Amino acid sequence: MARRKKIYEGKAKILYEGPEPGTIVQYFKDDATAFNAEKKDVIEGKGVLNNRLSEFFMSGLNQIGVPTHFIKRLNMREQLVRSCEIIPLEIIVRNYAAGSMSKRLGIDEGTQLPRPIVEYCYKNDELGDPLVTEEHIAAFGWASQQDMDDIVSLALRVNDFLSGIMMAVGIRLVDFKIEIGRFYEGDFVRLIVADEISPDSCRLWDIETGRKLDKDVFRRDLGSLTDAYTEVATRLGVMPKNAGQFTKPTLIN
Ligand code: UDP
């Protein structure tokens with residue numbers, strides 16, 4: 001097989017040049033990192049699960065008219081996506097207090113917020129992705145005010161969509177992070193949801209028991225990350241019920 005050109009390697013994914021101009025192959029690794037890569041491990045099967053789950057969420061978003069970079073899944077670990085220019089912001093939407101918000105504001109984890117809150121962090125590993133305001137974003141030219149308005153409405157649509165499908169399978173969407181890209185279509189620029197949507201980038205709690213089904217299992221040493229992600233995939237119907245008993249997850253096509 002011809003060697004592909006690697007464009008970028010991040011903590012959890014590798015991007016390769018796609019088969020056609022304007023496309024990229026996104027490969028999901030098994031590597032797990034937390035606390036700005038201070039904690040690292042390889043979790044067998046995580047990449048397969050996240051590839052499948054991100055496909056599920058992104059294709060659902062495409063179907064309800066929220067544009068994303070997702071084109072199609074290619075195999076167990078790879079998906080074809082549209083090439084776009086990533087805005088250097090992490091867009092966080094919170095429905096319940098947890099993680100850094102609980103710490104920063106002294107609110108107990110799990111407290112329901114009066115309404116969904118959208119936060120921006122500047123994507124910069126050296127600085128530990130600091131929280132920034134719209135003032136910083138406009139002043140430093142990372143996005144225009146119009147972009148930010150569009151980003152907030154996209155983020156809230158993603159929140160409603162994800163909250164609904166999670167609620168239907170007994171899971172609470174506590175918070176999540178998305179990234180947004182600029183996609184050039186002739187003379188037009190569109191903002192699209194990019195990167196990934198998976199339990200690596202969401203907080204997901206079982207509604208009945210409060211069991212964590214997301215990357216906090218790894219961050220806080222709460223057990224098997226693959227079991228947690230397999231549980232999410234099984235409930236959403238993207239994995240067979242018995243998949244958890246195998247080391248390597250089996251996909252339903
Ligand atoms: N998140 C992420 N990548 C990051 C930072 C946060 O995917 O680099 C997600 C995280 O999984 C959670 C949400 O964004 O679902 C809010 O994270 P928080 O700010 O509470 O940070 P943390 O406590 O994870 O450091």
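Keep in mind the model is a prediction, meaning the values are calculated, not measured. Computed from heavy atoms alone, side chains included, the values below leave out hydrogens, waters and symmetry copies. Remember, it's 1-based here, ligands and their atoms both numbered in the order they're listed.
Of the residues listed (L191, L154, L61), the one engaging P67 in a side chain to side chain contact (heavy atoms under 4.5 Å, CB included) is L154, and it is the only one.
Using 4.0 Å as the threshold, E90 has a heavy atom nearer than that to some atom of ligand 1.
Annotation: atom 25 (O) of ligand 1 to nearest protein heavy atom, S100 CB, 4.7 Å. Nearest protein neighbour of atom 12 (C) of ligand 1, counting heavy atoms only, is D175 OD1, 3.2 Å. Of all protein heavy atoms, the one closest to atom 10 (C) of ligand 1 is R219 NH2, 3.6 Å.
Ion pairing between a basic and an acidic side chain is recognised when a charged N comes within 4.0 Å of a carboxylate O; D216 and R219 show such pairing. Salt-bridge annotation for R203 and D175: present, with a side-chain N of the basic residue lying under 4.0 Å from a carboxylate O of the acidic one. For the pair R211 and D227, the salt-bridge criterion is not met [side-chain N within less than 4.0 Å of a carboxylate O].
Polar contact check, E119 against ligand 1: no nitrogen or oxygen pair lies under 3.5 Å apart.
Atom numbering of ligand 1 starts at 1 in the shown order; those under 4.0 Å from a heavy atom of G99 are 20 (O), 23 (O). Below 4.0 Å from some heavy atom of D200 lie the following atoms of ligand 1, by number and element: 7 (O), 11 (O). Atoms of ligand 1 lying under 4.0 Å from at least one heavy atom of R203, given by number and element, are 12 (C), 15 (O), 16 (C), 17 (O), 18 (P), 20 (O), 22 (P), 23 (O), 24 (O). Contact atoms of ligand 1 toward D129: 8 (O) (distance under 4.0 Å to a heavy atom of the residue). For ligand 1, the atoms lying closer than 4.0 Å to a non-hydrogen atom of R94 are 16 (C), 18 (P), 19 (O), 20 (O).
The heavy atom nearest to atom 9 (C) of ligand 1, out of those in M101, E109, K177, is found in K177.
Between the side chains of S100 and R94, a donor-acceptor pair is found at a separation under 3.5 Å.
Proximity of C202 to ligand 1, defined as any heavy-atom pair under 4.0 Å, is confined to the backbone N, CA, C and O atoms.
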Evaluate side chain to side chain contact (heavy atoms under 4.5 Å, CB included) for L89 paired with I180, printing each intermediate quantity in order.
-> CA-CA 8 Å; L89 297 170; I180 302 285; over 6 Å; no
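Of the protein's heavy atoms, at least one falls inside 4.0 Å of atom 3 (N) of ligand 1.
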